[in-house]
**Student:** 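Please see the structure below; I have some questions.
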Number of protein chains: 2
Amino acid sequence: MPNDSSNPSRGRVRRRATLADVAKAVGVSTMTASRAIGRPELVSEELRGQIEIAIRELGYVPNRAARALASARSHVIAVLIPSLSNAVFTDVLAGVQDAVDAEGYQVLIGNTRYSFAEEEKLVNIHLQSNPDGVLLTGLTQSERVRQMLSAAGIPTVSMMDLSDDPDRYSVGMSQFDAGHTITRHLLVKGYRRIGFIAAQLDERTLKRADGYRHALQQAGLYDSRREVLVSDPSTIALGAELVGRLMARAPDCDAVFCCNDDLAYGAIFQCQRRGIAIPQQLAICGFNDLPASAWMNPSVTTISTPRYRVGFEAATLLKQLICGEQPEQRRIDLGFTLMAREST
Amino acid sequence: MPNDSSNPSRGRVRRRATLADVAKAVGVSTMTASRAIGRPELVSEELRGQIEIAIRELGYVPNRAARALASARSHVIAVLIPSLSNAVFTDVLAGVQDAVDAEGYQVLIGNTRYSFAEEEKLVNIHLQSNPDGVLLTGLTQSERVRQMLSAAGIPTVSMMDLSDDPDRYSVGMSQFDAGHTITRHLLVKGYRRIGFIAAQLDERTLKRADGYRHALQQAGLYDSRREVLVSDPSTIALGAELVGRLMARAPDCDAVFCCNDDLAYGAIFQCQRRGIAIPQQLAICGFNDLPASAWMNPSVTTISTPRYRVGFEAATLLKQLICGEQPEQRRIDLGFTLMAREST
DNA sequence: CTGAAAGCGCTTACAG
DNA sequence: CTGAAAGCGCTTACAG
């Protein structure tokens with residue numbers, strides 16, 4: 001007799017209370033106890049009250065695994081982001097959580113580290129949890145990931161970018177347009193020899209690069225010598241290094257578009273150390289509008305991206321899909337805002 | 001006949017393959033198929049090979065819920081951190097992931113937002129997943145949280161601070177000592193009217209404050225007018241504001257210890273805007289050594305904290321506890337490092 | 001090295 | 001509004 005189930009509240013080897021314990025305590029079937037939790041409106045007020053009391057007294061905590069197994073609905077949403085150290089994606093995550101929290105969904109976070117192979121592993125692992133839906137970052141995934149996801153028949157929404165594929169759902173903004181816009185801003189300000197430094201070289205960065213190139217080509221000012229692209233992870237230290245490389249390659253640059261704010265901060269710090277006046281000798285702009293951008297000296301011109309809202313709206317859309325609703329749009333463009341500041 | 005289970009690979013309504021499907025395809029019992037996955041050394045090489053092939057062909061993905069239910073082990077580790085937007089805790093998380101990834105544990109992340117009430121909710125929710133272990137941030141939890149955790153009988157490790165309680169496991173560093181050390185550094189440098197600004201006022205911040213006070217009292221230089229403490233979340237903007245408030249209250253301050261780097265950055269940016277020379281007119285130091293600290297102009301004196309290692313070692317310790325091993329120490333002190341830079 | 005039986009803790013139809 | 005039965009997809013002893 002391993003546990004004293006006749007008296008769970010005082011048994012020695014007190015195993016965790018189950019629904020059956022709750023039901024027995026009240027003198028109802030487990031069905032009724034189950035309903036009192038899941039669909040309380042179907043249970044008489046009296047019983048519901050007693051069941052609630054029993055739950056509290058026994059310290060009953062539902063077993064998610066059992067529920068998932070029986071109901072074939074996990075109430076799990078998997079979110080795949082490329083980085084946790086980049087504030088952009090923790091903001092996205094915050095939006096996802098806020099959209100989904102109240103509904104009792106559990107968010108499974110996967111950090112792909114910008115690697116398709118990692119993403120593949122994570123999808124496979126997360127599929128073991130039978131997620132009701134998956135949130136992906138970006139539009140590009142490996143073929144196997146697409147296969148696994150479609151084989152699983154799970155609704156999926158892509159974040160941060162916009163897809164033209166009528167079979168896909170996406171919430172984000174045009175990375176190309178944003179890159180184009182900030183480059184145009186530099187041109188309008190009168191800069192003519194505009195460089196570009198970029199790291200990581202993920203899909204979104206490359207689209208910003210395209211926007212940059214297109215704007216300069218339109219103006220007849222594109223010069224590939226002014227580009228420094230490396231695939232290393234983006235950091236302040238790397239920004240400092242890359243602006244140095246750029247100035248070595250093309251010392252006549254009068255402005256630099258950094259593919260994100262971290263790089264821009266590094267570039268600014270480096271210029272300050274070298275006595276290069278910003279923006280007088282060199283204008284510098286970033287991308288994302290992280291909190292420091294408004295406060296740096298000089299304050300940093302950048303593109304403000306709606307990442308919290310991306311997470312929120314993507315999760316909202318996913319919830320609709322999970323519930324079988326037909327969403328109004330498959331593609332939600334949340335736009336971006338140019339923040340013109342002192343650094344340009 | 002809803003699904004063509006006799007031919008799962010070509011059935012119309014193709015439901016997800018189960019272990020039974022794999023077993024049937026090979027002509028073995030589900031037991032053997034199960035073993036081929038979980039303890040392959042117990043299965044003959046031949047069968048193992050066939051089973052592996054069947055798994056691949058059927059696209060079999062194990063059902064975590066079923067496994068958890070049957071085995072009473074979830075392979076889930078819950079991690080509670082107070083913030084996702086603070087790089088300190090994403091670093092901790094990275095350490096946890098790296099320590100635990102290979103073992104097939106799934107990490108459930110809970111963001112308490114520095115709220116005991118939220119923490120309570122999260123513990124309750126995560127307990128539904130039957131975690132094998134829980135990682136907590138800090139030493140202070142609500143009474144209910146402690147109750148729930150001990151009732152569940154789940155091993156727990158506290159991160160970021162050190163506990164004297166012989167019943168608890170903790171991995172971190174002495175927040176008091178670190179606060180004391182950096183204040184001593186200011187004293188040794190010759191500063192005499194040292195202010196303190198702090199936000200959030202969580203447990204760790206308050207211990208740093210105690211370290212600051214103690215150092216100044218020892219030197220006979222403590223003056224409560226020089227403290228500005230607010231419970232708002234810590235941001236660069238708040239640092240800018242608080243240094244302003246401090247200078248209004250105690251204009252003769254010659255140094256400021258900011259309870260973290262974000263606040264220090266804001267203070268520095270603010271001083272720069274007001275034409276206050278750092279460190280000549282006012283020395284400023286922070287806490288944590290975030291990446292920008294080494295690059296700012298002036299570079300920022302701060303305390304480097306071993307947060308990645310905290311996550312890694314805490315998770316490693318937790319794994320031991322989960323496996324029933326007796327760890328060598330209940331309390332792992334990872335220390336900290338003073339980074340003396342230009343701002344002081 | 002392999003398998004038949006039982007059961008983990010829920011929920012889903014289906015009755016009444 | 002309530003309940004008896006069956007089953008979700010695995011794994012745990014226990015045999016052999």
Side-chain angles (χ1 to χ4, degrees), chain A residues 2-3 5 8 15-51 54-55 58-76 104 106 127-130 132 152, chain B residues 2-3 5 8 15-51 54-55 58-76 104 106 127-130 132 152:
Chain A
N3 52 36
S5 61
R15 68 168 167 70
R16 185 166 159 173
T18 67
L19 237 206
D21 296 328
V22 173
K24 201 195 297 173
V26 180
V28 296
S29 70
T30 59
M31 259 306 352
T32 302
S34 171
R35 269 193 290 255
I37 294 170
R39 310 193 57 188
E41 71 278 12
L42 297 182
V43 177
S44 71
E45 204 167 323
E46 196 194 333
L47 249 33
R48 208 193 309 155
Q50 291 179 250
I51 291 169
I55 286 176
L58 296 173
Y60 170 69
V61 177
N63 184 323
R64 243 194 144 89
R67 179 179 289 176
L69 190 56
S71 70
R73 275 207 54 184
S74 62
H75 285 274
V76 162
Q106 190 163 78
L127 247 24
Q128 299 183 355
S129 299
N130 259 312
D132 293 342
Chain B
N3 54 36
S5 61
R15 67 166 169 71
R16 182 166 160 173
T18 67
L19 238 207
D21 296 327
V22 173
K24 202 196 294 172
V26 180
V28 297
S29 70
T30 59
M31 257 309 349
T32 302
S34 171
R35 268 193 290 255
I37 295 171
R39 311 192 57 187
E41 71 278 11
L42 298 181
V43 177
S44 69
E45 203 167 326
E46 194 195 335
L47 249 32
R48 208 192 311 155
Q50 291 178 251
I51 291 168
I55 286 175
L58 295 173
Y60 170 68
V61 177
N63 183 324
R64 238 192 147 90
R67 178 179 289 178
L69 190 56
S71 70
R73 277 207 51 185
S74 62
H75 284 273
V76 162
Q106 191 162 79
L127 247 25
Q128 297 182 172
S129 301
N130 259 310
D132 293 343

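Chain letters run A, B, ... following the sequence lines, proteins first and then strands; every chain starts at 1.
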**Student:** Show the numbers, then the answer: is there a side chain to side chain donor-acceptor pair (under 3.5 Å) between A:Arg16 and B:Asn130?
**Tutor:** CA-CA 10 Å; A:Arg16 185 166 159 173; B:Asn130 259 310; 2.6 Å; yes
**Student:** From C-beta outward on A:Thr32, which listed nucleotide comes closest to its side chain: C:dG3, D:dT2, C:dT2?
**Tutor:** D:dT2
**Student:** Could you check whether any side-chain heavy atom of B:Gln106 comes within less than 4.5 Å of a side-chain heavy atom of A:Gln128, counting everything from C-beta outward?
**Tutor:** no
**Student:** According to the Watson-Crick and G-U wobble definitions, with both distances under 3.5 Å, which nucleotide is paired to C:dA13?
**Tutor:** none
**Student:** A:Thr18 versus A:Asn63: any side-chain heavy-atom pair under 4.5 Å?
**Tutor:** no
**Student:** Do any N or O atoms from the side chain of A:Ser34 and from the backbone of A:Thr30 form a donor-acceptor pair under 3.5 angstrom?
**Tutor:** no
**Student:** Report yes if some heavy atom in the side chain of B:Ile37 is under 4.5 Å from a heavy atom in the side chain of B:Arg67; otherwise report no.
**Tutor:** yes
**Student:** Please tell me if A:Ser29 has a side-chain N or O lying less than 4.0 Å from either OP1 or OP2 of D:dG3.
**Tutor:** yes
**Student:** Quick check: does any side chain N or O of A:Arg48 sit under 3.5 Å from a backbone N or O of A:Val43, one acting as donor and the other as acceptor?
**Tutor:** yes
**Student:** Counting only Watson-Crick or G-U wobble pairs whose two distances fall under 3.5 Å, which nucleotide matches C:dA4?
**Tutor:** none
**Student:** Take atom CG of A:Leu47 and atom C1' of D:dT2, then tell me their distance rounded to the nearest Å.
**Tutor:** 8 Å
**Student:** Any chance you could list the contact pattern along nucleotides 8-16 of chain D? Use B for base contacts, S for sugar-phosphate-only contacts and - for none, protein heavy atoms under 4.0 Å, 5' to 3'.
**Tutor:** BBBSBB---
